[in-house]
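So the structure is just underneath, and the comments pick up after that.
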Amino acid sequence: MARKIIIVGASSGIGRKVALDFARGGWEVGIAARREENLKEIAGLVPGQIVYKTIDVAADDAAERFYDLIEMNSGMDYLLFAAGTGYMDPDLDSGKVTRTLRVNVEGFARIMVAAFKYFRDTANVHKGQICAITSIAGTKGIGLSAAYSASKRFEQTFINALEQLAYTRHVNVGFTDIRPGFIRTDLLDPEKDYPMEMTLDYAVRRIELAMLQRKRIAVIDSRWRIVNALWRCIPQRIWRHISLDL
């Protein structure tokens, strides 16, 4: 029987690439995002392997539509949450802050809770896996992207809490927290070069491997693992003096 994956945030970037790779590998794939035309185009590239449904994770009906997509896909063994937004926002624009928190905090929690309850309430013989794209930005509060880095820290902590709950309540599900550095996607300014920037193909290969190996935390890639480890060692009294202007 083919394995089944649901990908939320699949209209472009990481989610799109993972959806196509898994579908071409014989998985049954359900994809979701806000832009229906993008979803329809992706489904047409691998006929018969991909179903889709529009979901705005920031909307009140997101969980209901998520469950509808699981039913359309005849189940879910894996979830990849790849939806997200963020800005370089040193001026702390209130609209950008609100949008970031609605998607990366409220929307993330809504889908994580729905996925957890699905695995809790389904008599699944095989262990489910909840995977999410967070970021190394969650390691420290980054002044240029305060809302984004704080939202990613929230996501990582929420995953930790769900793992504890799954263990204590005997829910047959594991978690993979995927923390990339800079990947060339639509979130990055096309006019700028970013340090240790990764191509989409390069990063997604490593993301998919982490998912299939059910790694608990996967920093993408080895260079960013070093950076991430160094950041953790910097006390806040020193961190506040560091400029990360790009």
Which residues satisfy the side-chain contact (heavy atoms from CB on, under 4.5 Å) test with E163, sequence neighbours excluded?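 E163 satisfies side-chain contact (heavy atoms from CB on, under 4.5 Å) with F175, R216 once adjacent residues are dropped.
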Partners passing side-chain contact (heavy atoms from CB on, under 4.5 Å) against N73 (at least two apart in sequence or in another chain):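 Applying side-chain contact (heavy atoms from CB on, under 4.5 Å) to N73 gives K4, I6, E28, V51.
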State which residue, out of N228, T139, I178, D177, fulfils the side-chain contact (heavy atoms from CB on, under 4.5 Å) condition with V219. N228
Is it the case that the side chain of [X] and the backbone of [Y] share a donor-acceptor pair, with hydrogens and angles ignored and the cut-off at 3.5 Å?
{"X": "S145", "Y": "I142", "answer": "no"}
{"X": "Y78", "Y": "C131", "answer": "no"}
{"X": "T122", "Y": "F119", "answer": "no"}
{"X": "Q156", "Y": "S135", "answer": "yes"}
{"X": "W224", "Y": "R179", "answer": "no"}
{"X": "Q129", "Y": "D77", "answer": "no"}
{"X": "R65", "Y": "T54", "answer": "yes"}

Side-chain contact, heavy-atom cut-off 4.5 Å: [X] with [Y]?
{"X": "M196", "Y": "V227", "value": "yes"}
{"X": "L45", "Y": "E41", "value": "yes"}
{"X": "I42", "Y": "Y52", "value": "no"}
{"X": "M211", "Y": "I5", "value": "yes"}
{"X": "R184", "Y": "L200", "value": "no"}
{"X": "V171", "Y": "L165", "value": "no"}
{"X": "F22", "Y": "E208", "value": "yes"}
{"X": "P195", "Y": "F182", "value": "yes"}

Single-linkage hydrophobic cluster, 4.5 Å side-chain cutoff, [X] and [Y] together:
{"X": "Y167", "Y": "V113", "value": "no"}
{"X": "V57", "Y": "Y148", "value": "no"}
{"X": "L209", "Y": "L212", "value": "no"}

Would H126 and R3 count as a side chain to side chain contact (heavy atoms under 4.5 Å, CB included) if you check the C-alpha gap in whole Å, the side-chain angles of each, and the deciding distance to 0.1 Å? CA-CA 10 Å; H126 302 291; R3 287 186 287 182; over 6 Å; no
Taking the basic N atoms (NZ, or NE/NH1/NH2) and the acidic carboxylate oxygens, is any pair closer than 4.0 Å for E71 and K53? no
Salt bridge check, K40 against E37: does any charged N sit closer than 4.0 Å to a carboxylate O?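 No, no charged N to carboxylate O under 4.0 Å.
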For D221, salt bridge (Lys or Arg N to Asp or Glu O under 4.0 Å) partners two or more places apart: R223
Under 3.5 Å, is there a donor-acceptor pair linking the side chains of E155 and T134?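 There is no such pair (donor and acceptor under 3.5 Å, judged by atom type) between the side chains of E155 and T134.
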May I ask you to check whether R34 and S11 show a side-chain donor-acceptor distance below 3.5 Å?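 Judged by distance alone, the side chains do not pair up.
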Please tabulate, for side-chain N and O atoms in residues 80-90, each donor-acceptor pair with protein atoms closer than 3.5 Å (sequence neighbours left out).
{"residue": "D89", "atom": "OD1", "partner": "L92", "partner atom": "N", "Å": "3.2"}
{"residue": "D89", "atom": "OD1", "partner": "D93", "partner atom": "N", "Å": "3.0"}
{"residue": "D89", "atom": "OD2", "partner": "D93", "partner atom": "N", "Å": "3.0"}

Quick one: CD on Q236 to NE2 on H241, what's the gap to the nearest 0.5 Å?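 Spacing of CD (Q236) from NE2 (H241) equals 9.5 Å.
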Is atom CD of Q164 surrounded by more than 12 heavy atoms (other residues, nucleotides or ligands) closer than 6.0 Å?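 No.
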Considering all heavy atoms of both residues, which atom of Y118 and which atom of G75 are nearest to each other, and what is their separation?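 That would be OH-CA, 3.6 Å.
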With clusters built from Ile, Leu, Val, Met, Phe, Trp and Tyr whose side-chain heavy atoms come within less than 4.5 Å, directly or transitively, what are the remaining members of the cluster of L230, listed by chain and number? I226
Which residue pairs pass the side chain to side chain donor-acceptor pair (under 3.5 Å) test when at least one of the two sits in residues 96-108, sequence neighbours left out?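 Sorted result for residues 96-108: N104-S151, E106-R110.
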Side chain to side chain contact (heavy atoms under 4.5 Å, CB included) for Q49 and V29? Distances and angles first, verdict last. CA-CA 6 Å; Q49 290 296 123; V29 179; 5.7 Å; no
Do R206 and Y202 form a cation-pi contact, if we require the NZ or CZ to be under 6.0 Å from the six-membered ring centre and within 45 degrees of the ring's axis?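 Satisfied, under 6.0 Å and within 45°.
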